[in-house]
Amino acid sequence: MSASKGDRKATLDAASWLFNVVTSVGIIIVNKSLMATHGFSFATTLTGLHFATTTLLTLVLKWLGYIQPSQLPVPELLKFVLFANFSIVGMNVSLMWNSVGFYQIAKLTMIPVSCFLEVVLDKVRYSRDTKLSITLVLLGVAVCTVTDVSVNAKGFIAASVAVWSTALQQYYVHYLQRKYSLSSFNLLGHTAPVQAASLLIVGPFVDFWLTGKTVYAYDYHFISVSLILLSCTIAVGTNLSQFICIGRFTAVSFQVLGHMKTILVLILGFIFFGKEGLNHQVVLGMFIAIMGMIWYGNASSKPGGKERRSAPSKSQKKGAVSESSEVDDKV
């Protein structure tokens, strides 16, 4: 009986990992093809369509009873949406202006930035090994940045905005879930509709400012429309698979999963976008950065690797046990 239960859990874990890898890698490749090959450079509007589709998912989940009623004050909701919109739009713009390799390598800096926010805002103390692992990550990113000929000034700025806004969003997710005892599904139910509405309203204007083109004048054809629909569908799967994985794995496991996706995106980027081929130095930088992230995961999980110097408040303690793994996985 116990062996059968263990086998079932292992099968579900493997399926969750595969679901997340396929959807996360797939949406990056589909979006890059849509933007680079078919000229659909309206990243903000596309993001709004992603969240509109995700909103439909949350409505179905509420109807099925998987998302329970909860409360989130409007000011807190608007702050979160601000961080989240800058994060998503920044990532899409970074993907449009940068190569797949630099886009994915830039994402590796999110954890060091998140660590910085924790040190400043939460008074977290890191061990020597944890600090060294972060330094190794930054070294690897620097090697890739210097040699990646696809990097440009506006692309670098977009990547920087994307990284910092994402780190702030992740910190705020942690804050909201602790303070209001919200699960990830609850938070998605509150934020997705507002993000969809705001991005679909401002998206066309932002895209016109970024590209000088209007989304309404784009020459839509069967392939581009199919890719847009595919991107929206995969976006729903990406969000859903992330919640499934966060519920089943630890923070370290989810980070390792992210490294696997990084490697796959770089390889697939080389296959589908050969003009952005990987040279030896970029591969070396990628290897150094990934080794640093794995080292960081191991070092920070050890006793003393990551400690909070100040005692948490009562509101922070409430629900901390049930939500801790779910929140930490978002880093």
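Side chains included, hydrogens not; waters and symmetry mates left out as well; all remaining heavy atoms used. Everything numeric in this text was worked out from a predicted model, so none of it was measured.
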Which heavy-atom pair separates [X] from [Y] by the least distance, and what is that distance?
X	Y	value
Ala43	Thr47	O-OG1, 2.8 Å
Leu227	His38	CD1-CD2, 3.4 Å
His50	Cys232	CD2-CA, 3.7 Å
Val215	Pro204	CG1-CB, 4.1 Å
Ala162	Gly90	CB-C, 3.4 Å

Among Val30, Thr37, Asn31, find the residue that satisfies the side-chain contact (heavy atoms from CB on, under 4.5 Å) test when tested with Ser33.
-> Thr37
Assess whether side chain to side chain contact (heavy atoms under 4.5 Å, CB included) is satisfied between Thr53 and Thr233, documenting all intermediate values.
-> CA-CA 7 Å; Thr53 310; Thr233 303; 5.8 Å; no
Under 4.5 Å between side-chain heavy atoms, hopping through other hydrophobics if needed: is there a path connecting [X] to [Y]?
X	Y	result
Leu200	Val225	yes
Val236	Trp63	yes
Phe83	Ile157	no
Phe86	Ile201	no
Ile288	Trp295	yes

Would Met35 and Ser41 count as a side chain to side chain contact (heavy atoms under 4.5 Å, CB included) if you check the C-alpha gap in whole Å, the side-chain angles of each, and the deciding distance to 0.1 Å?
-> CA-CA 5 Å; Met35 294 176 184; Ser41 55; 5.6 Å; no
Nearest-0.5 Å distance that lies between atom [atom1] in [X] and atom [atom2] in [Y]:
X	Y	atom1	atom2	value
Asp219	Phe40	CG	CZ	12.0 Å
Gln169	Thr166	CD	OG1	6.0 Å
Ser165	Leu82	OG	CG	9.0 Å
Ile223	Leu230	CD1	CG	12.5 Å
Phe80	Thr191	CZ	OG1	4.5 Å
Leu34	Ser231	CG	OG	6.5 Å

Leu136 and Leu132: CA distance, side-chain angles, deciding distance, side chain to side chain contact (heavy atoms under 4.5 Å, CB included) verdict | CA-CA 6 Å; Leu136 186 63; Leu132 288 175; over 6 Å; no
Could you go through residues 69-79 and list every donor-acceptor pair under 3.5 Å that involves a side-chain atom there, pairing it with any protein atom two or more places apart or in another chain?
| residue | atom | partner | partner atom | Å |
| --- | --- | --- | --- | --- |
| Ser70 | OG | His190 | NE2 | 2.8 |
| Glu76 | OE1 | Tyr172 | OH | 2.2 |
| Glu76 | OE2 | Tyr180 | OH | 2.9 |

Decide if atom CG of Leu229 counts as having more than 12 heavy atoms of other residues, nucleotides or ligands within a radius under 6.0 Å.
-> yes
Tell me every residue that passes side-chain hydrogen bond (donor to acceptor under 3.5 Å, both in side chains) with [X], counting only those two or more places apart in sequence or in another chain.
X	answer
Thr58	none
Thr23	Ser241
Thr45	Asp207

Which residues satisfy the ring-ring contact (aromatic ring centres under 6.0 Å, His included) test with Tyr220, sequence neighbours excluded?
-> Tyr218
Chi angles and distances behind the side chain to side chain contact (heavy atoms under 4.5 Å, CB included) call for Tyr216, Phe42 = CA-CA 10 Å; Tyr216 306 110; Phe42 312 105; over 6 Å; no
I'd like a table of donor-acceptor pairs (distance under 3.5 Å, sequence neighbours excluded) in which one partner is a side-chain atom from residues 192-199, with atom names and distances.
| residue | atom | partner | partner atom | Å |
| --- | --- | --- | --- | --- |
| Gln195 | NE2 | Asn85 | OD1 | 3.2 |
| Ser198 | OG | Asn85 | ND2 | 3.0 |
| Ser198 | OG | Val194 | O | 2.9 |
| Ser198 | OG | Gln195 | O | 3.1 |

Donor-acceptor pair, side chain of Thr44 and main chain of Gly203, under 3.5 angstrom = no
